[in-house]
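Supplied in C-alpha cells, the structure appears directly below.
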Amino acid sequence: MKTLKPSLLSVVLSAALLASAPVAVFAQAAAPAAAAKQNSASQVVLASSTRILTTLDQRRAEFKSNPAALRQFVTSEFNTLFDGDYAARLVLGVHGRGASDADVKLFGQALTERLLSAYGARLADFNARLKVRVKSETPLPGGRGVKVDTEFVQADQTVTPITFYARNVGGQWKVFDVLPEGVSFVQTFKTQFDTPLRQKSIAQVAADLKSGKLQVNGSAGGN
C-alpha cells in the first residue's frame with residue numbers, strides 16, 4: 001500500500017485526480033450491475049473515466065512533451081466531472097457563510113488552478129493498471145447526493161479503499177469529494193485554509209492562491 005499511497009494522495013488531493021481518480025477506479029472495473037445502473041453516479045463516472053483513461057494512454061507521449069496540452073485536457077475533464085463551486089463552499093465552511101457566489105467561485109477557481117499547477121503534470125506518468133471493485137452506491141441523508149465505495153486492487157492484491165461523493169446537478173452527476181483511505185479532499189483543504197481565511201477575506205486568499213503566495217499541500221496532515 002505504501003507504493004500506491006504517495007502518488008494517490010498527490011493526485012487525489014488535487015483537482016487533477018478528481019478527473020483522474022475515477023479513471024483508475026472505474027475504467028477497468030467490472031462493476032456490479034447494482035452499482036452501475038443507467039444514469040447512476042457510478043455509470044456516469046464510468047463513462048467519463050473510460051474516456052479519460054483511453055485518452056491518457058493514447059496521448060501519453062504528447063502529454064509528456066507538451067504539458068500545456070495535458071493541462072488543457074485535465075482542466076476540461078475536471079470541469080465536466082467535478083462540482084467545483086459546491087466543493088469550494090464546503091472547503092470554506094464557516095468562512096463561506098453569507099459569501100457571495102462570485103467569491104466562492106473565485107476561491108474554487110484559484111484552488112483548482114493551484115492544484116493543477118502543483119500536481120497535474122503527474123498524470124502523464126499515472127499508472128492505471130489496477131483492478132477495482134465497486135462495492136456499493138448509497139444515498140446520502142437529506143438527498144445530498146450519493147456515496148460510492150470502491151477498492152483499488154494492485155497486482156500484489158494490496159487493496160486501497162476509495163470513496164467518492166457525488167450529487168446531481170441539473171440532471172448530471174458531479175463529484176464533490178474523494179476519500180482515499182478515508183482521507184477527505186474537502187476536509188484536508190478545509191483544515192489547511194482555516195487560518196488564512198481567519199486572517200483575510202475570501203477574495204484575498206484566492207488572490208494569494210493565484211499568485212502562488214499561498215501554496216496547497218496534498219497531504220492529510222498538511223505536511
Side-chain angles (χ1 to χ4, degrees), residues 1-31 36 41-84 87 108-134 148 150-164 166 172-181 183 185 188 212 215-219:
M1 191 173 294
K2 290 182 179 179
T3 59
L4 177 64
K5 187 172 180 179
S7 62
L8 181 64
L9 284 178
S10 70
V11 188
V12 167
L13 298 180
S14 69
L17 183 66
L18 291 163
S20 75
V23 173
V25 172
F26 293 101
Q28 298 183 11
S42 297
Q43 189 273 335
V44 169
V45 174
L46 172 61
S48 175
S49 302
T50 302
R51 179 182 67 254
I52 295 168
L53 180 60
T54 300
T55 302
L56 285 173
D57 282 344
Q58 292 178 343
R59 299 175 63 185
R60 192 174 299 277
E62 174 194 352
F63 287 154
K64 285 186 175 182
S65 63
N66 186 353
L70 175 60
R71 174 73 173 266
Q72 182 179 24
F73 168 69
V74 173
T75 301
S76 175
E77 294 294 343
F78 170 82
N79 289 335
T80 298
L81 183 62
F82 187 53
D83 191 349
Q109 290 174 340
L111 178 58
T112 298
E113 291 175 10
R114 183 50 47 195
L115 288 167
L116 287 172
S117 296
Y119 301 112
R122 300 187 187 188
L123 286 177
D125 297 310
F126 187 71
N127 180 8
R129 295 174 183 173
L130 304 168
K131 291 183 179 179
V132 183
R133 295 189 287 258
V134 178
V148 180
T150 70
E151 292 178 333
F152 278 68
V153 184
Q154 299 184 72
D156 64 359
Q157 299 306 302
T158 297
V159 174
T160 302
I162 308 283
T163 297
F164 296 87
Q172 180 179 359
W173 287 103
K174 296 264 191 177
V175 172
F176 63 86
D177 199 6
V178 184
L179 287 72
E181 299 185 297
V183 180
F185 165 89
T188 293
Q215 298 294 322
V216 294
N217 192 316
S219 63

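Residues take their numbers from the sequence shown, with the count starting at 1.
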Taking only residues two or more places apart in sequence or in another chain, which ones pass side chain to side chain donor-acceptor pair (under 3.5 Å) with Thr75?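 Partners of Thr75 by the side chain to side chain donor-acceptor pair (under 3.5 Å) criterion come out as none, since no residue qualifies.
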Identify the two heavy atoms, one from Val175 and one from Phe82, that lie closest to each other, and give their separation to 0.1 Å.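 Smallest interatomic distance, heavy atoms only, reads O-CD1, 2.7 Å.
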Flag the pair Phe164 / Trp173 as yes when at least one side-chain heavy-atom distance between them is below 4.5 Å, and no otherwise.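 No, every pair of side-chain atoms sits at 4.5 Å or beyond.
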Return the CG to CD distance between Leu70 and Glu62, rounded to the nearest 0.5 Å.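 Answer for the CG-CD pair, Leu70 versus Glu62, is 9.0 Å.
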Crowded around Gln72 CD? As in, over 12 foreign heavy atoms under 6.0 Å?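 Counting neighbours around CD of Gln72, 12 or fewer heavy atoms of other residues, nucleotides or ligands fall under 6.0 Å, so no.
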Donor-acceptor pair, side chain of Thr80 and main chain of Ser76, under 3.5 angstrom: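 Between the backbone of Ser76 and the side chain of Thr80 there is a qualifying donor-acceptor contact (under 3.5 Å).
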For the student: nearest non-hydrogen atoms of Arg71 and Glu113, plus distance: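 Distance-wise, the nearest heavy atoms are NH2-O, 3.6 Å.
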Looking at every heavy atom in both Arg59 and Ala69, which two are closest together, and how far apart are they?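 Where Arg59 meets Ala69 most closely, the heavy atoms are NH2-CB, 4.3 Å.
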Minimum heavy-atom distance Lys174-Asp83, with the two atoms named: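 Closest approach of Lys174 to Asp83, heavy atoms only: CB-CB, 3.6 Å.
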